[in-house]
Amino acid sequence: MANDNLARKIDDVYARLDAAIDATVKVNADRNDRESRFPRENLRALAEAGWTGVLNEPNFGGLGLSHLDFAEAAYRIGQADASTGLIYVMHVGAAQTINLFGNTDQKERWLKANNGGLLGTYSTSERATGGHWWYNLSEASRDGDDYRVNAEKSFTTSSGQADYYVVQTRTPGAKDQADIIFFIVDGKAEGIESRPWDALGVRANHSGAIRYSNVHVPQRDRLGAEGQGKEIIYDGVSPVYLIGLGAVWEGVARGALNAAIAHTTSFVHKDRNKSLSDYQAIRQELGAAKVLVETLRPWRNELAAKLDALWRAGKPQSEILIPLTEFKVHAAEVANKVAATALTVTGGYGYHRGPIERAYRDARAAIAMGPSNVIARDWIGKAVVGLPLELFYEGGE
């Protein structure tokens, strides 16, 4: 009986997720893309459904669910809108980093506050180090027991829109580049300046540059201990981000494929009285795309289950950093290939502004998002041949 009640509760939670996606996320996707409009309504709908707190404990206003559920949500949102999916992943990732390394006071103020409706995000990468987002040149300074942050961050999703930013810099007086500190920075703090976002794809996620100019951060909003930042990057930021990122791109691939199938089965050439799907060449393209999409779900679920097992055991989730990176790379490439196929088989229809054309543009972001596929493949290659990653030190740790 208890298991039946739990199953009904989970079904109800997923029904709320699907209702929010169908009624709000899908409806707003094309308009937000055209106008480069931040999808505030979409996020509000997801928050009201409880899903922005998917990994948070119930006593902190969350659903208390698993990485399996988080990744499934990211996948479903990604089918409708990549921009909202990426904002969602960054938010849940920021919240989960607080779950793992924050204290009770921080969870009360940032996760539970406003009925769990505060929007968080990561603010990590710096233009000076390009795609090496883990490597910062900025260094926090001391202000009595508190801190001051001066940093130029690039590609901060929800820039200028988030209620709080999970920010990394070097520790004040850092002994070297791996001596990193994390802060939770209030989005309304004086000295934060965001810049406009105008890009090829994911045009609604406002992943613009952001400047922190002498921003005051109270000691109570230091996340973890001084110098603990490298551990937070490996075991807090990266795992949840990578599984979520891959799941969004899986959703983009599935959404593009479904749109292509819908068009090719419904559009009829009147001169031959045949639908596009009656042509063998079209079916072969769709079949190849379907095979690629189907490679992702089992892998996603396996990795998410491993993350849950490591979390329950209190073990570092970075134990599966390379497999998570492999999943991100493959999902990004599948999204690009399937979106291109969808554009090909739908011809002029797909080329017009709309879901297929948008998926094609959005999917390009998957290749570049850190770790970019170029950098990530080098990580994977080094692991294959037994070389260190060399993220912070030449020659490895």
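Along the sequence shown, residues are numbered consecutively beginning with 1.
Using modelled atom types, one finds a donor on one side chain and an acceptor on the other under 3.5 Å when comparing Y393 with D176. Side-chain atoms of Y14 and D69 include a donor-acceptor pair closer than 3.5 Å. Between H91 and S158, the side chains place no donor N or O within less than 3.5 Å of an acceptor N or O (distance only, hydrogens not considered).
W133 pairs by the ring pair (Phe, Tyr, Trp, His ring centres under 6.0 Å) definition with nothing, not counting sequence neighbours.
Sparse packing is recorded around CG of D145, with 12 or fewer heavy atoms of other residues, nucleotides or ligands lying under 6.0 Å away. No more than 12 heavy atoms of other residues, nucleotides or ligands sit less than 6.0 Å from atom CZ of F155. Within a 6.0 Å sphere centred on CZ of R127, other residues, nucleotides and ligands contribute 12 heavy atoms or fewer.
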Check the pair D81 / R358 against side-chain contact (heavy atoms from CB on, under 4.5 Å), numbers first and verdict last.
CA-CA 9 Å; D81 180 23; R358 173 163 50 85; 4.0 Å; yes
Evaluate the criterion side-chain hydrogen bond (donor to acceptor under 3.5 Å, both in side chains) for residue pair S138 and E126; output intermediate values, then yes/no.
CA-CA 8 Å; S138 63; E126 297 183 358; 2.4 Å; yes
Go through F183 and Y147 one step at a time and tell me if the ring pair (Phe, Tyr, Trp, His ring centres under 6.0 Å) criterion holds.
CA-CA 9 Å; F183 302 105; Y147 301 89; 5.0 Å; yes
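Of all heavy-atom pairs spanning L137 and T129, the tightest one is CG-CG2, 4.1 Å.
For the side chain to side chain contact (heavy atoms under 4.5 Å, CB included) test with I87, the passing option among V202, L119, N42 is L119; the others fail.
Note on ring orientation: taking the six-membered ring where Trp is involved, the planes of F70 and Y88 are tilted (angle from 30° to 60°). Using the six-membered ring where Trp is involved, F392 and Y135 have ring planes that are parallel, under 30° apart on the 30 and 60° scheme.
Cation-pi check for R300 over Y75 is met; the charged atom lies under 6.0 angstrom from the ring centroid and within 45 degrees of its normal.
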Give every donor-acceptor pair under 3.5 Å between a side-chain atom in residues 50-65 and any protein atom, sequence neighbours left out.
residue	atom	partner	partner atom	Å
W51	NE1	V13	O	2.9
N56	OD1	N99	ND2	2.8

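Residue pairs meeting the side chain to side chain donor-acceptor pair (under 3.5 Å) criterion with at least one member in residues 256-267: none, sequence neighbours excluded.
Between the CG atom of L391 and the CD atom of Q177 there is a distance of 11.0 Å, given to the nearest 0.5 Å.
With respect to R203 and D198, a salt bridge is recorded, a charged nitrogen being found less than 4.0 Å from a carboxylate O.
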